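Here is the structure we will look at, set down as structure tokens.
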Amino acid sequence: MTSIELLRGLEFCAGWSEGDLRAVAALGAERQFEADSLLLRQGEPAAEAFAIAEGTVAVLRALPGGGELALAEKGPGSLVGEMGLLAEQRRSATARALGRVRSVVFDRQVFAAACRMRQPAARQLLLAVMARACIPVRVTQEHLAQALPVADAVRPKTTPSAPEHFDYRGFLPLLHCAPALGRAGLDELVARANARDRKSTRLNSSH
């Protein structure tokens, strides 16, 4: 199976044209991992991101007294270590294959060069990575809103317990990689994020 075929089945590539898939696949390379092998290690320089096509990866954080804390499991369609494409930093966690894993690996230097050249493929991948980067920020904001309720005396009766919409327009330009998108790219990313939020709200309200 080629990198294009692996990407075609991933959630963040949904709606991409065949040309987009081919262009983004050219920025990456297929890589397989056996069970218990490491995709990335906590504390090491972040230089790659992994699009998981098959298998499951455990995300773990080392504890000061020894041992590891399981943070999450990432399955097919997930991006692992994507922040390594946006900035030079060290890994905040370890990712270990729970079984055989097939992935498309994107190197930060290749990605950065494509961004400097304003390649459309780099823009497509950047949109996907930034969309993923917004999710934990939005979740944190909602948790804070629930943990720090406004006093009843000043709370408008129409105000929900958590914000209905996250201000992507105000947040995204703060990211270091935002200039590479340009205004049109930011507009598109904001529209995608808001559409995803509306879909999530509809699904939650139906349960």
Side-chain angles (χ1 to χ4, degrees), residues 1-33 37-55 57 59 74 76-97 101-137 168-169 171-193 196:
M1 187 176 293
T2 66
S3 294
I4 297 174
E5 293 171 323
L6 292 177
L7 288 175
R8 188 179 288 117
L10 302 186
E11 179 185 355
F12 74 86
C13 297
W16 288 11
S17 68
E18 192 68 19
D20 289 336
L21 288 170
R22 290 184 181 278
V24 172
L27 297 179
E30 181 186 355
R31 190 181 301 175
Q32 297 189 34
F33 299 88
S37 59
L38 298 184
L39 284 74
L40 51 90
R41 187 189 301 272
Q42 183 175 335
E44 291 185 346
E48 297 173 319
F50 303 81
I52 307 301
E54 296 178 5
V57 174
V59 180
K74 301 294 186 77
S78 302
L79 279 170
V80 176
E82 65 270 20
M83 296 305 293
L85 293 181
L86 303 182
E88 293 186 14
Q89 57 186 18
R90 294 191 175 275
R91 298 294 191 189
S92 60
T94 293
R96 179 180 293 118
V101 170
R102 299 183 69 182
S103 68
V104 179
V105 184
F106 298 99
D107 180 88
R108 180 167 52 81
Q109 292 186 352
V110 174
F111 173 70
C115 285
R116 288 193 296 269
M117 296 171 65
R118 298 186 179 276
Q119 293 184 9
R123 180 173 174 272
Q124 284 289 96
L125 184 56
L126 184 58
L127 284 169
V129 171
M130 291 181 70
R132 295 303 186 277
C134 290
I135 293 174
V137 177
Y168 294 103
R169 172 67 61 190
F171 167 73
L172 291 175
L174 301 178
L175 297 179
H176 179 70
C177 55
L181 284 171
R183 174 173 289 183
L186 285 173
D187 289 343
E188 180 179 346
L189 183 55
V190 169
R192 288 187 183 185
R196 185 178 61 249

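This is a predicted model, so every value here is computed, not measured.
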- Message: Please check if the number of heavy atoms outside Q109 that lie under 6.0 Å from its CD is greater than 12.
- Response: no
- Query: If we only count heavy atoms from C-beta on, is the F50 to L40 side-chain gap below 4.5 Å?
  - Reply: yes
- Message: Using only atom types and a distance under 3.5 Å, with no angle test, would you say the side chain of R8 pairs donor to acceptor with the backbone of L21?
- Response: no
- Message: So which atom in G28 and which in V104 form the shortest heavy-atom distance, rounded to 0.1 Å?
- Response: CA-CG1, 4.2 Å
- Closest contact, heavy atoms only, G84 versus A46: CA-CB, 3.7 Å
- Please indicate whether E88 has more than 12 foreign heavy atoms, meaning atoms of other residues, nucleotides or ligands, lying under 6.0 Å from its CD. no
- Query: Which pair of non-hydrogen atoms, one from A95 and one from V57, has the smallest distance, and what is that distance?
  - Reply: CB-CG1, 3.6 Å
- Item | Minimum-distance pair of heavy atoms, taken over all atoms of A122 and F111 | O-CE1, 3.6 Å
- Query: Quick one: SG on C115 to CZ on R108, what's the gap to the nearest 0.5 Å?
  - Reply: 11.5 Å
- Side-chain contact test, heavy atoms from C-beta onward, threshold under 4.5 Å: evaluate it for V24 versus I4 and give yes or no. no
- Message: Please determine whether side-chain contact (heavy atoms from CB on, under 4.5 Å) holds for the pair D107 and L27, giving the CA-CA distance in whole Å, both sets of side-chain angles, and the decisive distance to 0.1 Å.
- Response: CA-CA 8 Å; D107 180 88; L27 297 179; over 6 Å; no
- Message: If I take atom OG from residue S78 and atom CD1 from residue I52, how far apart are they, to the nearest 0.5 angstrom?
- Response: 7.0 Å
- For A49 and E82, the nearest pair of non-hydrogen atoms, with its separation, is CB-CA, 3.7 Å
- Task: Side-chain contact test, heavy atoms from C-beta onward, threshold under 4.5 Å: evaluate it for R41 versus R91 and give yes or no.
- Result: no
- Message: Which residues pass the salt bridge (Lys or Arg N to Asp or Glu O under 4.0 Å) test with R31, not counting sequence neighbours?
- Response: E48
- Message: Please report the interatomic distance OG1(T94) to CD(E44), rounded to the nearest 0.5 Å.
- Response: 8.0 Å
- Scanning both residues in full, the closest heavy-atom pair of E30 with L6 reads CG-CD1, 3.6 Å
